[in-house]
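Once you've had a glance at the structure underneath, I'll fire off some questions.
Labels below follow one simple rule: chain letters A, B, ... track the order of the sequence lines, proteins then strands, and each chain is numbered from 1.
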Protein chains: 2
Amino acid sequence: MGWDTEATRQKLLAAAIDEFAQRGFAGARIQDISKKSGCNRERIYFYFGNKEGLFEAALIQALSTTLDSTSVIGSGVQSVIDFAVTYFDFSQAHPNLARLTFWEGLERGVAVGPTERSLRAQAKVEEIRYALGLNDVAVAQNLLLTIVTLSNSLLVTENIAEVILGAEQKELRKATFIQAVRAIVLEASRA
Amino acid sequence: MGWDTEATRQKLLAAAIDEFAQRGFAGARIQDISKKSGCNRERIYFYFGNKEGLFEAALIQALSTTLDSTSVIGSGVQSVIDFAVTYFDFSQAHPNLARLTFWEGLERGVAVGPTERSLRAQAKVEEIRYALGLNDVAVAQNLLLTIVTLSNSLLVTENIAEVILGAEQKELRKATFIQAVRAIVLEASRA
DNA sequence: TCTATCTCCAACTAAACGTTTGGAGGCGGT
DNA sequence: ACCGCCTCCAAACGTTTAGTTGGAGATAGA
């Protein structure tokens with residue numbers, strides 16, 4: 001087998017996604033990433049310049065491999081609710097993207113690669129708008145923002161759920177999510 | 001003026017709340033906290049033991065001085081919506097608590113001082129339950145969790161709002177919040 | 001005034017951090 | 001066989017970090 005420089009890049013990125021998702025930018029350790037990846041520390045600087053470049057690459061990679069996994073299928077109120085639940089379940093199963101997004105919001109403030117992400121988001125907005133037959137784009141935007149925000153946040157801040165829901169019951173969180181989503185989707189489709 | 005050891009503690013805590021809220025636990029610098037507070041680094045270890053002790057004390061302090069600032073006034077659907085909007089505005093004006101809560105969720109995972117916080121949360125839950133005349137506690141819990149989660153999250157993750165809502169329009173975020181809250185409160189009061 | 005306590009200050013330790021460097025060897029194309 | 005790129009490894013760079021220490025001055029109460 002010959003050199004596979006792309007594989008090295010991917011191994012580094014995968015390890016970086018895990019590490020950054022778990023500990024954030026300030027908490028992540030370059031050494032741990034290189035150890036997890038099985039590659040050398042020095043390769044990180046060769047391929048990504050520095051820690052920040054690696055973070056941005058990892059975030060973009062996580063977005064790319066995740067956002068396309070969920071779509072609105074069919075039309076009507078239930079189709080959007082199904083989409084929301086699918087998104088919730090997917091985030092639950094693959095928490096890296098949600099966590100990375102929150103780290104980005106807290107540590108960076110501004111989004112990485114905003115224009116491309118905006119395009120993808122608008123595509124999802126249109127899916128929702130079409131499924132519900134909405135005239136107003138803003139309503140669909142609000143829906144998507146609420147769904148994504150709630151889903152991510154319920155996943156990431158177990159501490160709040162722990163405090164409000166009492167014992168640590170993950171099923172209750174999902175029930176909270178579904179209840180809220182059902183209400184806002186119904187309300188939106190009514191308008 | 002004589003010694004005022006409590007003032008020293010408070011100055012350190014205030015500076016710590018700012019610093020931790022802004023940069024998180026891993027990102028916060030003890031030296032910056034001491035500089036902001038005007039007190040000596042060494043006082044931190046005298047009063048709080050170590051960085052982690054300071055973080056916990058800061059979080060508890062921020063919770064104490066914030067959570068009691070908002071209550072459900074009156075009864076009916078509108079009273080709960082008003083409460084949510086008040087909470088949203090308060091968080092917007094004082095982002096420290098929301099940010100600290102997210103840092104806690106991301107970096108720690110588990111809540112600091114869960115029992116006391118649970119008690120306070122349950123009090124708020126009862127306010128909501130009473131205002132809407134709900135029989136089921138779980139519905140009121142879901143409401144509070146959704147309100148707090150959405151409010152905090154919309155405040156903290158400007159990156160998501162930026163991507164979905166396009167340009168950076170804070171007013172739109174508030175509209176999203178109110179729209180969602182109205183829907184879920186109405187739905188809950190119907191049940 | 002004596003004593004105990006609080007505060008500041010500056011220097012220090014020991015470790016960890018991101019990043020760089022140089023060298024040795026593996027591999028593909030020519 | 002040669003050359004250039006890729007990879008690994010280990011050591012080192014300089015900086016920054018959390019945390020410690022010892023001393024000097026200020027303050028309160030007795």
Side-chain angles (χ1 to χ4, degrees), chain A residues 1-62 99-100 103-104 106-109 112, chain B residues 1-61 100 103-104 106-109 112:
Chain A
M1 268 298 142
W3 290 126
D4 195 345
T5 89
E6 190 57 26
T8 305
R9 258 184 66 101
Q10 291 302 322
K11 282 191 288 184
L12 283 172
L13 274 180
I17 288 174
D18 275 349
E19 175 79 359
F20 282 129
Q22 197 159 7
R23 310 198 196 280
F25 183 78
R29 302 297 163 218
I30 291 281
Q31 193 163 358
D32 292 353
I33 292 175
S34 88
K35 197 166 291 181
K36 276 188 202 170
S37 74
C39 306
N40 196 265
R41 269 217 300 288
E42 173 259 345
R43 288 289 93 187
I44 290 174
Y45 300 94
F46 179 79
Y47 283 117
F48 305 100
N50 54 19
K51 192 181 183 183
E52 196 170 338
L54 180 61
F55 180 81
E56 295 182 9
L59 185 54
I60 290 174
Q61 168 90 351
R99 292 182 62 89
L100 281 175
W103 289 118
E104 183 194 35
L106 281 169
E107 298 189 296
R108 280 197 142 238
V112 175
Chain B
M1 269 298 140
W3 292 124
D4 194 345
T5 88
E6 190 56 24
T8 305
R9 257 184 67 100
Q10 291 303 322
K11 283 191 288 183
L12 283 172
L13 274 181
I17 289 173
D18 275 349
E19 175 78 359
F20 282 130
Q22 199 160 8
R23 310 198 194 281
F25 182 79
R29 300 298 163 219
I30 292 281
Q31 191 162 358
D32 292 353
I33 293 175
S34 87
K35 197 166 290 181
K36 275 187 200 169
S37 73
C39 307
N40 196 265
R41 263 215 313 287
E42 173 259 345
R43 290 289 93 187
I44 291 174
Y45 299 96
F46 180 79
Y47 282 117
F48 304 101
N50 55 18
K51 193 182 182 183
E52 196 170 337
L54 180 61
F55 180 82
E56 295 182 8
L59 185 55
I60 290 174
Q61 169 90 350
L100 281 175
W103 289 118
E104 182 195 36
L106 280 169
E107 298 190 296
R108 281 197 141 239
V112 175

### Query
Should the ring pair A/F25 and A/F55 be called parallel, tilted or perpendicular, given that the plane angle runs from 0 to 90° and is split at 30 and 60?
perpendicular
### Task
Using atom CZ of A/R9 as one end and atom C1' of D/dC6 as the other, report the distance to the nearest whole Å.
15 Å
### Message
Looking only at the side chain of A/C39 (C-beta and beyond, no hydrogens), which of the listed nucleotides D/dC8, C/dT7, C/dG18 gets closest?
### Response
D/dC8
### Task
Could you check how far CZ of A/F46 sits from C1' of D/dC8, rounded to whole Å?
14 Å
### Task
Calculate the interatomic distance between B/E52 atom CD and D/dT17 atom P; express it in whole Å.
19 Å
### Query
B/R43 has an atom CZ; how far is it from atom C1' of C/dC9, in whole Å?
12 Å
### Task
Assign B/G49 to base, sugar-phosphate, or nothing according to its heavy-atom contacts below 4.0 angstrom with the strands shown.
nothing
### Task
Provide, to the nearest angstrom, the distance between the CD1 atom belonging to B/I33 and the C1' atom belonging to D/dT17.
13 Å
### Task
Indicate the atoms forming the closest heavy-atom contact of A/K11 with A/C39, along with that distance.
CE-SG, 4.0 Å
## Note on the structure
Among D/dG19, C/dC8, D/dC6, the one nearest any side-chain atom of A/Y47 is D/dC6
### Task
Mind calculating the distance between CZ (A/F48) and P (C/dG18) to the nearest angstrom?
16 Å
### Query
What does A/A7 touch in the nucleic acid at a heavy-atom separation under 4.0 angstrom: a base, only the sugar-phosphate, or nothing?
nothing
### Query
Taking the side chain of A/K51 as heavy atoms from C-beta outward, which of C/dC8, C/dT19, D/dG19 is closest to it?
C/dT19
### Between D/dT21 (P) and B/I44 (CD1): distance, integer Å
17 Å
### Task
Check whether any side-chain heavy atom of A/Y47 lies under 4.5 Å from a side-chain heavy atom of A/L13, and answer yes or no.
no
### Query
Quick one: the side chain of A/R41 and the base of C/dG18, do they pair up donor-acceptor inside 3.5 Å?
no
### Message
Rounded to whole Å, please give me the gap between NZ in B/K11 and P in C/dC6.
### Response
15 Å
## Note on the structure
Between A/N40 and A/Q31, the residue closer to the 5' end of DNA chain C by nearest nucleotide is A/Q31
### Query
Between the side chain of A/E56 and the main-chain N/O of A/V112, is any donor-acceptor distance below 3.5 Å?
no
## Note on the structure
Comparing B/E42 with B/Y45, nearest DNA chain D nucleotide closer to 5' gives the residue B/Y45
### Task
Under 4.0 Å between any heavy atoms, over every strand shown, what does A/A26 touch: base, sugar-phosphate, or nothing? Just pick one.
nothing
### Message
Side-chain N or O of B/R29 versus OP1/OP2 of D/dT16: is the shortest distance under 4.0 Å?
### Response
no
## Note on the structure
Closest non-hydrogen atoms of B/A15 and B/K36, given as atom of the first, atom of the second and distance, are CB-CB, 3.8 Å
### Message
Under 4.0 Å from OP1 or OP2 of D/dT7: is there any side-chain N or O of A/T8 that close?
### Response
yes
